[in-house]
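Right, one structure below, let's go through it.
Starting from 1, each residue takes its place in the sequence as its number.
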Amino acid sequence: MVRPRWLNLNGEWQFEIDRGDSGLERRLVGRDLARTIVVPFAPESALSGVEDVDFLEAVWYRRTVTIPAEWGDDHVLLHFGAVDHDATVWIDGEEVVRHRGGFSPFTARLGARAGETVSIVVRARDPRDGLQARGKQATWYDNTHCQYTRTTGIWQTVWMEPVPAVHLRRPRITPDLGSRAFDIRLPLSGNRPGSTVEVVVSDADGVVATAASRADLDLAPSLRVTLPDDRVRAWSTVDPHLYGLRIRLRDESGDVIDEVLSYAGLRSVAIDGRRVLINGERVFQRLVLDQGYWPESLMTAPSDAALVRDIELGLRAGFNGARLHEKVFEERYLFHADRLGYLVWGEFGDWGVSGQGDLGHNQAPTASFITQWTEVLERDHSHPSIIGWCPLNETHQNLHDRITVLDDVTRGMFLATKLADPSRPVIDASGYAHRVLETDVWDSHNYEQDPARFAELVGGTADGRPYENTREDGTRVSQPYGGQPHFISEFGGIWWNPDRTDADGGAQDDSWGYGQRVRDEAEFHERFEGLTGVLLADPEMFGYCYTQLTDVFQEQNGVYRFDRSDKLDVARIRAAQERAAASED
């Protein structure tokens with residue numbers, strides 16, 4: 001959603017760490033801060049210039065900005081891509097917005113400010129013991145197991161743009177391949193008598209189709225733009241075609257009040273028995289787990305090019321998509337996935353959440369899980385690369401326990417997803433506890449390293465049921481399987497670090513992966529080919545997700561190193577996945 005005028009506020013800001021969260025009482029809102037930071041990099045990261053990895057109870061930011069005079073009488077919107085976790089924003093000492101949730105965007109309205117110099121102050125609170133969605137952020141000091149260095153404060157782009165008093169909000173674009181059309185809902189900030197909205201769809205040869213509707217009777221008018229048969233071109237992994245969209249809001253005289261540029265991909269996702277179809281065809285989903293961390297910048301990509309590179313690395317290794325795991329990626333990643341034809345399952349950051357609502361795990365469910373997730377759905381609905389939603393991951397519940405807060409949150413997130421977007425399949429919780437009978441997809445995780453044993457556990461559905469995660473004692477944690485499409489959405493995680501070998505291939509002090517570490521690269525490829533071969537040969541499996549794209553700190557089970565350099569024969573990884581899947585026959 002692009003307007004021609006906007007102002008990027010990334011760069012140097014004043015900054016101060018507030019370890020006791022006493023900054024409000026010490027009047028930090030009204031004075032200069034002690035040091036500087038490079039936004040949008042978190043203070044724990046090297047690229048921020050701070051690199052303080054201790055617990056940061058609260059942090060403060062200050063930036064003085066002169067609003068461009070040419071913005072005239074338009075109102076100024078101040079956008080934050082993501083601030084972890086509890087953010088308050090002041091403009092010239094006046095609070096203008098408060099937001100809870102470290103993974104979703106929010107906006108402050110500043111009114112008409114052209115030519116003015118304003119002081120922006122942000123406080124971000126990130127309590128160590130607070131109930132919040134953390135993803136893989138560690139709740140103890142060190143990086144250990146599956147938990148990594150924390151991210152506090154601003155970690156995605158901050159920017160401003162001018163808009164008229166009545167303006168277009170983010171469009172919701174839903175493709176309808178069967179009808180050769182796009183259904184487009186256009187939320188407005190308000191209505192004006194006689195106003196209209198219009199959409200112009202174009203491709204490389206020019207205008208394809210247009211549609212218009214009244215905009216004075218509905219706060220979110222809807223349009224259907226039907227494409228002529230000779231201009232229909234579906235979006236797919238082999239042809240990620242995108243149509244350009246020009247969206248206008250006109251007043252009663254026909255003058256353009258507001259205009260944004262966007263794009264759309266015409267594709268469908270459907271379920272046929274145990275198959276997930278894309279554009280009506282069986283496309284085996286060769287997915288890779290992408291955790292989206294970098295050594296120098298943590299959860300924030302060090303550059304736009306770094307986002308592109310991760311997709312290209314996945315494609316180079318033979319994967320056609322990714323689970324965007326345990327964080328909400330920058331929206332720029334989705335833009336690149338859209339244009340490169342990379343399949344994506346959108347996720348939230350909530351690994352290992354406990355059903356008892358305690359702090360025995362690194363996070364516990366709250367109402368903000370649902371509010372944040374709906375903000376994510378609003379942001380990402382229109383991206384064609386997203387082919388499914390997965391709001392929760394590896395929840396810890398017991399089938400016969402009393403109903404817990406997590407049961408309520410699980411169902412709430414599932415229902416919110418289906419209401420917000422009935423066009424895509426939804427997994428209620430990936431792996432472990434499937435608690436919603438209506439879940440569209442059933443999945444499970446299995447890190448067995450012996451291909452023969454792996455085949456015994458997950459191969460085939462002779463009894464009509466797929467492999468099911470249980471507790472270690474065999475106690476079931478999920479509702480009964482209902483015949484949904486199923487896949488192994490986490491497997492592999494083969495432990496291999498060629499830079500730190502030892503004589504017997506045994507454990508090393510700061511390195512881990514799943515199972516026994518392979519002795520050499522040849523053993524890695526033998527294991528990888530065996531494990532993927534089991535799933536490719538299963539006619540009931542619609543895809544898989546291999547753990548993982550890169551090493552992440554001590555977790556050294558990636559196809560690539562943490563710095564994205566090669567550590568394996570990537571061509572051989574690709575070749576192992578190029579055999580036809582049985583479910584595609």
Side-chain angles (χ1 to χ4, degrees), residues 10-23 28 33-62 81-87 101-103 122-156 158 291-303 306 325-330 349-352 359 361-363 497 500 508-512 548 550-558 561-564:
N10 291 345
E12 187 174 284
W13 289 53
Q14 291 184 21
F15 179 75
E16 190 165 324
I17 295 171
D18 181 10
R19 296 195 192 276
D21 192 14
S22 59
L28 292 188
L33 304 179
R35 56 197 304 185
T36 61
I37 190 171
V38 178
V39 168
F41 302 110
E44 291 89 348
S45 73
L47 288 187
S48 72
V50 178
E51 201 171 5
D52 187 328
V53 298
D54 205 347
F55 294 99
L56 306 177
E57 191 74 12
V59 294
W60 290 75
Y61 299 79
R62 175 184 291 275
V83 181
D84 195 345
H85 158 72
D86 179 339
F103 293 110
V122 180
R123 179 189 62 185
R125 307 166 89 175
D126 195 19
R128 179 177 183 179
D129 295 327
L131 300 182
Q132 59 172 281
R134 300 179 186 275
K136 292 292 189 74
Q137 299 179 64
T139 51
W140 48 85
Y141 179 78
D142 291 317
N143 291 316
T144 54
H145 304 94
C146 290
Q147 298 193 22
Y148 318 131
T149 304
R150 292 160 293 283
T151 288
T152 297
I154 298 171
W155 68 278
Q156 291 189 25
V158 184
Q291 312 242 32
Y293 275 76
W294 285 263
E296 69 273 39
S297 56
L298 305 178
M299 286 203 304
T300 307
S303 66
H325 196 52
E326 285 310 302
K327 57 172 268 196
V328 178
F329 280 53
E330 297 98 323
D350 49 34
W351 169 71
L359 292 176
H361 298 87
N362 70 326
Q363 50 209 310
N497 180 350
R500 301 200 55 194
Q508 298 174 342
D509 56 352
D510 63 347
S511 167
W512 79 275
Q548 61 185 324
T550 72
D551 295 342
V552 185
F553 295 108
Q554 69 281 351
E555 192 172 348
Q556 295 174 358
N557 53 10
R561 292 183 177 91
F562 198 11
D563 65 4
R564 274 58 175 176

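In this structure, the side chain to side chain contact (heavy atoms under 4.5 Å, CB included) partners of Arg35, at least two apart in sequence or on a different chain, are Phe15, Ile17, Val50. Every residue meeting the side chain to side chain contact (heavy atoms under 4.5 Å, CB included) condition with Gln554, not counting sequence neighbours, appears here in chain and number order: Asn143, Tyr148, Trp512. A search for side chain to side chain contact (heavy atoms under 4.5 Å, CB included) contacts involving Thr36 returns Glu12, not counting sequence neighbours. Scored by the side chain to side chain contact (heavy atoms under 4.5 Å, CB included) test, Gln14 finds Asp32, Leu33, Arg62 as partners (sequence neighbours excluded). Taking the ring pair (Phe, Tyr, Trp, His ring centres under 6.0 Å) definition, one finds that Trp155 meets it with nothing, sequence neighbours left out. In this structure, Ser45 has no side chain to side chain donor-acceptor pair (under 3.5 Å) partners at least two apart in sequence or on a different chain.
Residues Asn10 and Phe41 are not in side-chain contact: their nearest non-hydrogen atoms beyond the backbone lie 4.5 Å or more apart. Between Gln548 and Glu555 the shortest side-chain heavy-atom distance falls below 4.5 Å. With contacts defined as side-chain heavy-atom distances shorter than 4.5 Å, the pair Trp294/Arg564 qualifies. Here the side chains of Tyr293 and Glu326 are not in contact, with every heavy-atom distance at 4.5 Å or above.
Minimum interatomic distance between Tyr141 and Val53 (heavy atoms only, all atoms of both residues): OH-CG2, 3.5 Å. Here the closest non-hydrogen pair linking Ala42 and Thr152 is CB-O, 3.7 Å. Taking both residues in full, the closest heavy atoms of Asp84 and Ala124 are given as O-CB, 3.9 Å, listed atom of the first, atom of the second, then distance. Taking every heavy atom of both residues into account, Gly349 and Ala133 meet most closely at O-CB, 3.2 Å.
Of the possible polar contacts, one joining the Glu16 side chain to the Ala34 backbone as a donor-acceptor pair under 3.5 Å is found. Although no hydrogens or angles enter the test, the distance criterion places a donor-acceptor pair under 3.5 Å between the side chain of Arg150 and the main chain of Ala138. Without hydrogens or angle criteria, Lys327 side chain to Gly292 main chain gives a donor-acceptor distance under 3.5 Å. With hydrogens and angles ignored, the 3.5 Å screen pairs no side-chain donor or acceptor of Asp350 with any backbone N or O of Arg134. At distances below 3.5 Å, not a single donor-acceptor pair connects side-chain atoms of Thr300 with backbone N or O atoms of Gln156. A donor-acceptor contact shorter than 3.5 Å links the side chain of Glu330 to the backbone of Ala301.
A salt bridge links Arg19 with Asp52: at least one charged nitrogen is closer than 4.0 Å to a carboxylate oxygen.
Taken from CD in Glu296 to CD in Glu51, the straight-line distance is 10.5 Å, to the nearest 0.5 Å. Here the CH2-CD distance, from Trp351 to Gln147, works out to 5.0 Å after rounding to the nearest 0.5 Å.
Judged by distance alone, the side chains of Gln137 and Thr151 never bring a donor and an acceptor atom under 3.5 Å apart.
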Exercise. Before giving the answer on side chain to side chain contact (heavy atoms under 4.5 Å, CB included), spell out for Val158 and Tyr61 the whole-Å C-alpha distance, their side-chain angles and the decisive distance to 0.1 Å.
Key: CA-CA 12 Å; Val158 184; Tyr61 299 79; over 6 Å; no

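Considering Asp126, Asp21, Asp18 as possible partners of Glu57, the one that fulfils the side chain to side chain contact (heavy atoms under 4.5 Å, CB included) test is Asp21.
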